[in-house]
Novice: 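This is the structure, below, for whatever I ask next.
Whatever order the structure lists them in is the order used to number ligands and atoms, beginning at 1.
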Amino acid sequence: MNKPAGKPAAAVPLDRFAAIVGAKYALRDAVDIAPFLVERREIYQGRAAMVLKPGSTAEVAEILKLANATGTPIVPQGGNTGLSGGQVPLDERAVVVSTVRLDKIREIDLATNSMTCEAGVVLQRAQETARANDRLFPLSLGAEGSCTIGGNLSTNAGGVQALSFGVARDLVLGLEVVLADGRIWGGLRKLKKDNTGYDLRHLFMGAEGTLGIITAAVLKLFPAPRSTETAFVGVPSLKAALALLLIAQARAGANVTSFELMAGLGVQLAVKHSANCRDPLREPHPWYVLIELNSQAREGLRATMEEILAAGTEAGLVRDATIASSTEQAKNFWLIRLILPDAQRGTGGSIAHDVSVPVAAVPDFIEEASATVSARVPGIRPLPFGHLGDGNVHLAFCKPDGMDKAAFLARTDEVNGIVYELAGKYRGSISAEHGIGAMKRKLMPKVKDPVELELMRALKRTLDPNGILNPGKVL
Ligand SMILES: Cc1cc2nc3c(=O)[nH]c(=O)nc-3n(C[C@H](O)[C@H](O)[C@H](O)COP(=O)(O)OP(=O)(O)OC[C@H]3O[C@@H](n4cnc5c(N)ncnc54)[C@H](O)[C@@H]3O)c2cc1C
């Protein structure tokens with residue numbers, strides 16, 4: 001459905017595209033475009049005719065107008081940190097539209113608690129700008145030093161504070177989007193309440209660049225926390241981790257901003273992977289959780305964290321725990337958690353999944369998936385970690401020691417099949433926060449209600465009738 005039916009593909013008008021942004025920002029040389037064709041997991045090797053770096057919304061609009069008229073596939077790309085291959089161009093006629101130059105923070109409105117950012121603003125810069133204004137922009141994830149606001153919204157990123165603040169789509173008041181035919185939707189509203197018909201923002205967020213190019217967004221800001229407490233906790237089992245989450249939420253409510261799970265193997269790998277990581281606890285434990293509390297109150301949060309850990313210990317849920325005594329120590333706790341995706345590589349190969357199940361089902365899901373996959377691939381090492389408080393499990397499986405890497409990776413589909421079938425059994429999702437991209441597209445008919453899928457296809461046909469926007473992704 002992504003190609004104009006029956007028409008031969010027209011030549012890509014490279015010079016006309018280049019004229020829109022200027023020669024300096026139109027890359028055609030193979031060496032120059034190479035970094036835009038690969039992603040960090042090296043699963044996809046992309047192909048593209050050129051890379052354009054527009055400097056304004058108007059330039060994006062001109063690019064899409066021309067692409068629509070000539071049937072040129074367009075692949076939006078932000079920080080290129082996506083983990084589903086959505087940002088990789090897979091057609092030699094494709095033109096990558098990099099948002100790297102759309103990097104202005106257009107406005108901070110402290111009375112409205114909002115910040116208007118262009119799509120190419122790097123997440124960390126948005127966070128720092130909020131902090132410099134005594135505000136919080138709570139979206140936070142391991143790739144925050146390079147991923148962009150446009151990419152975050154287009155993938156509807158989750159991250160480590162979704163438990164308390166919601167996912168990316170919950171953090172947006174307004175959007176500016178360029179449509180496939182080059183029209184600009186100027187939806188940069190700052191309203192909390194606006195019931196004037198369909199809420200179109202949510203079509204573009206999570207659409208992974210298949211319905212339009214987001215060029216700017218009005219983001220919600222929150223009061224900066226006045227106190228933070230971070231604990232690193234060894235727990236005996238998954239069920240204990242879940243029970244501890246309930247205790248934490250009962251005592252601290254929405255102040256529990258993160259509740260992250262790590263398998264013992266993950267902490268070992270993180271410590272081995274980075275000289276900056278130290279295991280904060282004296283002895284190894286089968287499971288760990290990282291709990292973070294944030295509050296507007298200047299005092300009392302430490303006592304709340306201590307109460308949570310004391311109640312957990314009394315109930316046999318906590319084997320050992322330490323509360324960070326400095327920001328540096330808290331950073332070390334977080335480093336262990338955030339380095340885990342990279343630390344997996346130290347095992348010589350892993351098959352990773354980003355799934356979600358209802359929070360209450362996380363222990364059973366992880367146990368059943370680990371046991372089933374281990375029975376099928378003897379010696380495989382399950383490495384579950386993730387955002388337990390959101391029911392979002394990053395369930396990786398590391399290569400058995402001594403097994404050939406290629407032979408191991410050849411079993412990817414088989415392992416995926418087990419994990420995704422179990423996610424369905426537990427009424428979960430095959431993509432919690434990384435999106436569908438190119439990676440999970442073929443699974444959509446298996447996991448989506450046929451009516452839902454047809455509605456999605458109808459939206460795609462309506463908004464992008466010539467199928468130029470990120471073809472081969474999502475649908
Ligand atoms: C170490 C690490 C940790 C991560 N942790 C998390 C995590 O905790 N939670 C999480 O959700 N993700 C996580 N990710 C995945 C990734 O960082 C997010 O998906 C991020 O939101 C992608 O942003 P990006 O700017 O890099 O987008 P890209 O990778 O460039 O693009 C991602 C998708 O969005 C589209 N896109 C990009 N910009 C636009 C735009 N302006 N308009 C329309 N479409 C656009 C692309 O076409 C593509 O489909 C992690 C990745 C890494 C490498």
Novice: For Pro341 and ligand 1, does the shortest N/O to N/O distance drop below 3.5 Å?
Specialist: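 Not met; the criterion fails.
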
Novice: Let me have the donor-acceptor pairs involving side chains of residues 268-280, under 3.5 Å, with sequence neighbours excluded, atom names and distances please.
Specialist:
| from | atom 1 | to | atom 2 | distance (Å) |
| --- | --- | --- | --- | --- |
| Ser274 | OG | Asn276 | N | 3.0 |
| Asp279 | OD1 | Leu281 | N | 2.9 |

Novice: Check if Gln77 has a non-hydrogen atom at a distance under 4.0 Å from any atom of ligand 1.
Specialist: yes

Novice: Can you establish whether the number of heavy atoms outside Arg183 located under 6.0 Å from its atom CZ is more than 12?
Specialist: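 No - once you tally the heavy atoms of other residues, nucleotides and ligands closer than 6.0 Å, there are 12 at most.
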
Novice: Under a 4.0 Å N-O cut-off, is there an ion pair linking Glu107 with Lys190?
Specialist: yes

Novice: Specify side chain, backbone, both or neither for Ala119, according to which of its non-hydrogen atoms lie closer than 4.0 Å to ligand 1.
Specialist: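 The part of Ala119 near ligand 1 is the side chain, not the backbone.
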
Novice: Taking Asp199 first and then Arg201, would you say they form a salt bridge - that is, a charged N and a carboxylate O separated by under 4.0 Å?
Specialist: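 Counted as a salt bridge, because a side-chain N and a carboxylate O are separated by less than 4.0 Å.
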
Novice: Could you check which of Gly145, Gly151, Gly206 puts a non-hydrogen atom nearest to atom 38 (N) of ligand 1?
Specialist: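 The option holding the nearest heavy atom is Gly151.
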
Novice: Using a 4.0 Å heavy-atom cut-off, which part of Leu338 comes near ligand 1: side chain, backbone, both, or neither?
Specialist: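 The answer is neither; Leu338 stays 4.0 Å or more away.
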
Novice: Is it the side chain, the backbone, both or neither of Asn152 that has a heavy atom closer than 4.0 Å to ligand 1?
Specialist: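 Looking at Asn152 and ligand 1, atoms from backbone and side chain both fall under 4.0 Å.
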
Novice: Between Arg125 and Glu128, is there a salt bridge with N-O shorter than 4.0 Å?
Specialist: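 Salt bridge flag = no for Arg125 with Glu128.
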
Novice: Quick one: does Ala168 get within less than 4.0 Å of ligand 1, heavy atoms only?
Specialist: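 No; Ala168 lies far enough from ligand 1 that no heavy-atom distance drops under 4.0 Å.
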
